[in-house]
Protein chains: 2
Amino acid sequence: MAAGSPRPTSRDVAQAAGVSQAAVSLVLGEKWRGRVSERTAERVREAARELGYRPNLAARNLRLGSTRTVLLVVPALTTEFFAGVYTGAARVAAEHGFGVVLYPSPEGIGPARDPFASAQAALDGVIASSMAADALTAIRGDQLPLVMLDSDPAGSTGAATVNLDIRDGVRQVAEHLLGLGHRRFLHLAADIASWTFEVRARELAERLAAVPGTELRTVCAPISIEGALTAAESALAAPGPRPTALVCDDDKLAAGAYKAARRLGLRVPDDLSITGLDDLALATAIDPELTTVRLDAELFGERGMEALLAVMEAREPPQGDIPVELVVRGSTAPPGAP
Amino acid sequence: MAAGSPRPTSRDVAQAAGVSQAAVSLVLGEKWRGRVSERTAERVREAARELGYRPNLAARNLRLGSTRTVLLVVPALTTEFFAGVYTGAARVAAEHGFGVVLYPSPEGIGPARDPFASAQAALDGVIASSMAADALTAIRGDQLPLVMLDSDPAGSTGAATVNLDIRDGVRQVAEHLLGLGHRRFLHLAADIASWTFEVRARELAERLAAVPGTELRTVCAPISIEGALTAAESALAAPGPRPTALVCDDDKLAAGAYKAARRLGLRVPDDLSITGLDDLALATAIDPELTTVRLDAELFGERGMEALLAVMEAREPPQGDIPVELVVRGSTAPPGAP
DNA sequence: CGAGCGACGTTATACGTAAAACTTCCGCCG
DNA sequence: CGGCGGAAGTTTTACGTATAACGTCGCTCG
């Protein structure tokens, strides 16, 4: 293992072990049942260890025409949610001998490099979450197996989808708040044109419309604490009867809403109930702790990877949305409580 | 671009354009100044576009012996800090024609796959942050250019390091609190054996030791809100005079400390001043907003990548720590304030 | 006794690209 | 007019691996 010397190749190992390069490949490829004697196999392994041999992946990929590598495209890494998705996907991938490469969408990263250029390696498949349309066409152009996370199952792309049952989560939130007696609602929505947010808006509207005497206003904000703060503050300060329940599209928006409430002198939950969606660490950091919908990010990633494996093997991907769970904490109470 | 057909190769393009494969390689490689006429070059480009040609990266990597891909090893993605590091590193990398692959440390991911197996692609270099020692030896075994983030510059590895000036950050925190009049301190430390945390402890102790009449106790906790909560609660409830200032190793610990204070009926900052370190979104989500040290994650990533480029080109990596800045918010006040 | 077969390997080839080395043609200058 | 140099390509080779195709024994069985 002399320093500075070029990496040893399988041919070097072969020479050291006194066999042919093919034999090395057979032994190290674990596919030598009746092809090589146990004694030579051991000699080869010994030589490989001795030289510190590592197969050249570029060569292997070229030969096999596949890299056993998959790309996970996420919109951002500004919360721990997609870290969980990655963890789940990577676990399942590893069980099948695949690796996962992470690509956070090109916010702030030069547009010159698309996901594929960035990953450099050839890819065997893609899991994409809430992505921009242009990046999507780039993918389809490559004709790669594709699974979309949290996207319209009836979308025009025809790609397989894996979704959290956000609809059910919003339903649970609505029932919870209606059950507490709330009738005047404000929806603090994310200002992103994405299916997963459209679902929230639609489901909430439908659930509330089913109950006579309810009101629903909606205000959009960028997904950041600052953005939510200003949007929520002006909406809550608007004339007319004040909403008693504030449904936020995610936990970060909810955190901004807390600050808006505080500025306006509103107590949570006495004057205003607030709900989130995600169940980030943030949800239990703020006071009172946030009533929110728990999303199982790791399971989401696992299911995504399982679906991709199915697509790659030309099997039918598994169906069924991933269940979510309402977590009731201190940010919700009956309206007008003391 | 018939569907299902195998991807076109440079040879297909050559045939379509009526030239040799070498000509295609020359034209598309942008290195054909005096080698190919403008007219044929255009024909080649046209044919490539027509067929939807994408070079096979595995083949290119094999030929060039380099992948222009770099690995960024991060301890976790549970806060947005390392997302910022990635963004910065990726920006600089893109400017130099490099891609960055992200590898979150193997918490929960099968140990069977080391970073290199995971990245699948061969790598040209590694930027590693606060990593475990065994993973490090795996890297050194590969003799790859390596830059360490937030690691002991006098460490035994001899690798280049890029550091935030955490020492100065802690100094600023100490001066701020001492200036407010605090004398009894509690240090809520991360229970991770890592240089970056050792620096915090050492610097804080030194700064306080320089002022007569100060007291310092230390308690360790896992970096999570829950962990910080229990550790801080029992430490604050301990007998003897209560500390008036609580210095936390990062913002997440500080968030847990808020909850501990609340449970014990202590008001922040009147009864207890609290400081963090990181300036995450979390810092402004909690009430009162957290006095903390702002770390420029993107700049950190940029510097890391610049250093790695220097190492790869056998240049001397740039020296100098990255400055940090104390951000004073509402969580600190003079002790015993009304 | 020779055909056949299994064990144990080896030789040869292909993957798709980049680039060094070579060919051909032509214009131009001494 | 001979040769030189440059433009415009082409032919060839190498990168490191996996595997199909091909020996070569020694033994067994009909």
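These figures come from a predicted structure and were not determined experimentally. Lettering of chains follows the sequences in order, A, B, ..., and the numbering in each one begins at 1.
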Examine C:dG9: is either OP1 or OP2 under 4.0 Å from a nitrogen or oxygen in the side chain of A:Thr40? Give yes or no.
yes
With heavy atoms under 4.0 Å as the rule, sort A:Ser37 into base, sugar-phosphate or nothing.
sugar-phosphate
Categorize A:Arg60 for me: base, sugar-phosphate, or nothing, with a 4.0 angstrom heavy-atom threshold over every strand shown.
sugar-phosphate
Counting the atoms with a prime plus P, OP1 and OP2 as sugar-phosphate, which does A:Val19 contact under 4.0 Å by heavy atoms, base, sugar-phosphate, or nothing?
sugar-phosphate
Shortest non-hydrogen contact from B:Pro8 to B:Asp12?
CA-OD2, 3.3 Å
Scan B:Thr9 against the nucleic acid and name what it touches under 4.0 Å (heavy atoms): base, sugar-phosphate only, or nothing.
sugar-phosphate
Do the side chains of A:Glu42 and A:Arg45 get close enough for a salt bridge, i.e. N-O under 4.0 angstrom?
yes
Rounded off to whole Å, could you give me the CD-to-C1' distance for the B:Glu30 and C:dA19 pair?
16 Å
To the nearest Å, give me how far apart CG (A:Leu64) and C1' (D:dT17) are.
8 Å
Check the phosphate of D:dT17 against A:Ser10, side-chain N and O only, distance under 4.0 Å to OP1 or OP2. Yes or no?
yes
If only atom types and distance count, is the side chain of A:Ser194 paired as donor or acceptor with the main-chain N or O of A:Ile192 below 3.5 Å?
no
Considering only side-chain heavy atoms of A:Pro55, which listed nucleotide, C:dT10, C:dA19, D:dT17, is closest?
D:dT17
Please determine if A:Arg43 and A:Glu46 form a salt bridge, counting it only when a charged side-chain N lies under 4.0 Å from a carboxylate O.
no
Heavy-atom nearest nucleotide on DNA chain D taken for B:Ser20 and for A:Tyr53; more 5' hit belongs to B:Ser20
I need the CG-P distance between B:Asn56 and C:dA14, as an integer number of Å.
17 Å
Nearest listed nucleotide, side chain of B:Val36, among D:dG9, C:dT11, D:dT17:
D:dG9
When you match A:Ala41 and A:Gln21 each to their closest nucleotide on DNA chain C, which lands nearer the 5' end?
A:Ala41
Value in whole Å for how far the P atom of D:dA8 lies from CG of B:Leu26
13 Å
Rounded to the nearest angstrom, tell me the gap between atom CZ in A:Arg11 and atom P in D:dG16.
8 Å
Compare every heavy atom of A:Ala307 with every heavy atom of A:Pro318, then report the nearest pair and how far apart it is.
CD-CA, 4.1 Å
Between atom CH2 in A:Trp32 and atom P in D:dT19, what is the gap in whole Å?
16 Å
Please state how far atom CG in B:Leu62 lies from atom P in D:dT13, giving the value in whole angstrom units.
18 Å
Whole-Å distance separating the CG atom of B:Asn61 from the C1' atom of C:dC15:
14 Å
